[in-house]
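Working notes for the structure below.
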Amino acid sequence: MLKLRVITALVLLPVALVGFFWLEGLAFALFFGAIIALGAWEWARLAGFVGQAARCGFAVAVAILLSILYTQPGWSTPLVLLGALWWVLATALVMTYPASSRFWGGRFGSLAIGLLILLPAWLALLTLKQRPNGNWLIVAVMALVWVADIGAYFFGRALGRRKLAPMVSPGKSWEGLLGGLVCSLIVTVIVGVNIGLSLPQLAASLAGAAIVVLLSVVGDLTESMFKRKAGVKDSSQLLPGHGGVLDRIDSLTAAVPVFAALLWLSGWGI
């Protein structure tokens, strides 16, 4: 399994790097739109639609919505902000699962939740890409998530005692969450000092980084919650050794719109 994971990662990494840094405009939107459509195909299964016709239909519907949204830039900001607000609500749903499942609205309500997860993430990514130094903004949010994930893994293994959300993801602990958060904040301080941020700017950056990291964990837990309800281990087997697309981007679907929304609140605009 480890060999398979490494081979898959070695294939996917250059593809992802080209997609993030070389593609621009419509090509960038299409590349990540395809990833979102695959995520929609997986999400339909988590929502309770087992048949391929329904799953493919939802993926096509999402692709059509993406194409419409691409031609209507005025919808970007409100939908990104709506997506960021969704993750605040998702926190409550995750922490009260399985009782919260009665609020999902059944299979079609779960599809609507999928739209709240997938569409704002795509729009936020396009928004970041279009900003000055857009590539570095994307790197920044991804680095926050990755550093927090790595920190949580090692702190969780070494110190994990108290379960974070045992009904959703028994392997996650409060110690791992706090360890990952501290690691991401240390990186934020190092970067902030090196680029010459003032103390107020550094304090604001630390607060923003903490919010992004904490809600990225909610993104991970939300997918885990739906997988547990659906009775599946992975969202699909599209990526050998890694599970599905959603298994790889679940944290980012929360982190990217939250990051973009915080930039808007700070006056950078989205």
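Small disclaimer: the values here were computed from a predicted structure and weren't measured. Residue numbers run from 1 in the order of the sequence given.
Formation of a donor-acceptor pair under 3.5 Å by the Gln237 side chain with backbone atoms of Gly244 is not found in this model. A donor-acceptor pair under 3.5 Å links the side-chain atoms of Gln201 to the main chain of Ser198, judged by distance alone. Judged purely by atom type and a 3.5 angstrom limit, Asn194 has no side-chain atom pairing as donor or acceptor with the backbone of Val191.
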Verify side chain to side chain contact (heavy atoms under 4.5 Å, CB included) between Trp75 and Ile68, making sure each step is shown before the conclusion. CA-CA 10 Å; Trp75 283 88; Ile68 294 171; over 6 Å; no

Begin from the C-alpha positions of Ile117 and Trp86 and carry the test side chain to side chain contact (heavy atoms under 4.5 Å, CB included) through to its verdict. CA-CA 8 Å; Ile117 292 172; Trp86 149 253; 3.5 Å; yes

Under the side chain to side chain contact (heavy atoms under 4.5 Å, CB included) criterion, do Trp136 and Val139 qualify, and how do the steps go? CA-CA 5 Å; Trp136 291 110; Val139 168; 4.2 Å; yes

Are Lys229 and Leu46 close enough, and set up right, to give a side chain to side chain contact (heavy atoms under 4.5 Å, CB included), and what steps lead you there? CA-CA 8 Å; Lys229 181 70 172 179; Leu46 303 186; over 6 Å; no

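The shortest heavy-atom contact between Ala261 and Ala84 is CB-CB, 3.7 Å. Minimum interatomic distance between Ala29 and Trp122 (heavy atoms only, all atoms of both residues): O-NE1, 3.2 Å. Of all heavy-atom pairs between Lys227 and Asp247, the closest is NZ-OD1, 3.0 Å. When every heavy atom of Pro132 is checked against every heavy atom of Leu137, the shortest pair comes out as O-CD1, 4.2 Å. Summarising the geometry of Phe28 relative to Gly19, their closest heavy-atom pair is CD1-O, 3.3 Å, with the distance given to 0.1 Å. The heavy-atom pair separating Glu42 from Val245 by the smallest distance is OE2-N, 2.8 Å.
For the pair Arg162 and Trp174, the cation-pi test (distance below 6.0 Å, angle within 45°) is failed. Taking the ring centre of Tyr97 as origin, the terminal cationic atom of Arg228 falls outside the region bounded by 6.0 Å and 45° from the ring axis.
How far OG of Ser205 is from CG of Leu144: 10.0 Å, rounded to the nearest 0.5 Å. Rounding to the nearest 0.5 Å gives a distance of 11.5 Å between OG1 of Thr96 and CE of Met167. Taking CG of Leu82 as the start and CG of Leu115 as the end, the distance is 11.0 Å to the nearest 0.5 Å. Separating the CD1 atom in Ile113 from the CG atom in Leu93 is a distance of 6.5 Å, to the nearest 0.5 Å. If you take NZ on Lys163 and CD on Glu175, they are separated by 9.0 Å, rounding to the nearest 0.5 Å. Within the model, atoms CG of Leu221 and CG of Leu164 stand 5.5 Å from one another, a figure rounded to the nearest 0.5 Å.
In the hydrophobic clustering of this structure, Phe31 does not group with Val60; members are Ile, Leu, Val, Met, Phe, Trp, Tyr whose side-chain heavy atoms approach within less than 4.5 Å, directly or through other members. Linking ILVMFWY residues whenever their side-chain heavy atoms come closer than 4.5 Å, directly or via other members, places Leu81 and Trp87 in the same cluster. Two different hydrophobic clusters hold Leu38 and Ile64 under the rule that ILVMFWY side chains link at heavy-atom gaps under 4.5 Å. Linking Ile, Leu, Val, Met, Phe, Trp and Tyr residues whenever their side-chain heavy atoms come within less than 4.5 Å places Trp264 and Leu125 in a single cluster. Taking hydrophobic clusters as Ile, Leu, Val, Met, Phe, Trp and Tyr residues chained together by side-chain heavy-atom distances below 4.5 Å, Leu252 shares a cluster with Val18.
Two residues are said to be in side-chain contact when any heavy atoms from C-beta on lie closer than 4.5 Å; Leu246 and Leu118 meet this criterion. Side-chain contact between Val189 and Leu206 is present, with at least one heavy-atom pair separated by less than 4.5 Å. Using a 4.5 Å heavy-atom cutoff, the side chains of Ser216 and Val145 are in contact. Leu17 places none of its side-chain heavy atoms less than 4.5 Å from the side chain of Trp22. Side-chain contact between Lys129 and Glu24: present, with at least one pair of heavy atoms (C-beta onward) separated by less than 4.5 Å. Using a 4.5 Å heavy-atom cutoff, the side chains of Ser235 and Glu223 are in contact. Put simply, the side chain of Val217 reaches to within 4.5 Å of the side chain of Leu177, judged on heavy atoms. Side-chain atoms of Trp41 and Cys56, non-hydrogen and from C-beta on, do get closer than 4.5 Å to each other.
Checked by atom type, the side-chain pair Ser76/Thr127 shows a donor-acceptor distance below 3.5 Å.
With Val258 as the fixed residue, the side-chain contact (heavy atoms from CB on, under 4.5 Å) test singles out one of Val88, Ile211, Leu263, Val80: Ile211.
With sequence neighbours excluded, the residues forming a ring pair (Phe, Tyr, Trp, His ring centres under 6.0 Å) with Phe20 are Phe32, listed by chain and number.
For OH of Tyr153, the number of neighbouring non-hydrogen atoms (other residues, nucleotides, ligands) closer than 6.0 Å is 12 at most. No more than 12 heavy-atom neighbours from other residues, nucleotides or ligands sit within 6.0 angstrom of CZ on Phe154. In this structure, Leu199 places its CG atom where only 12 or fewer heavy-atom neighbours from other residues, nucleotides or ligands lie under 6.0 Å away.
Ring pair Trp43/Phe226: centre-to-centre distance below 6.0 Å. Under the 6.0 Å cut-off for aromatic ring centres, Phe108 and Phe58 do not qualify, their centroids lying 6.0 Å or more apart.
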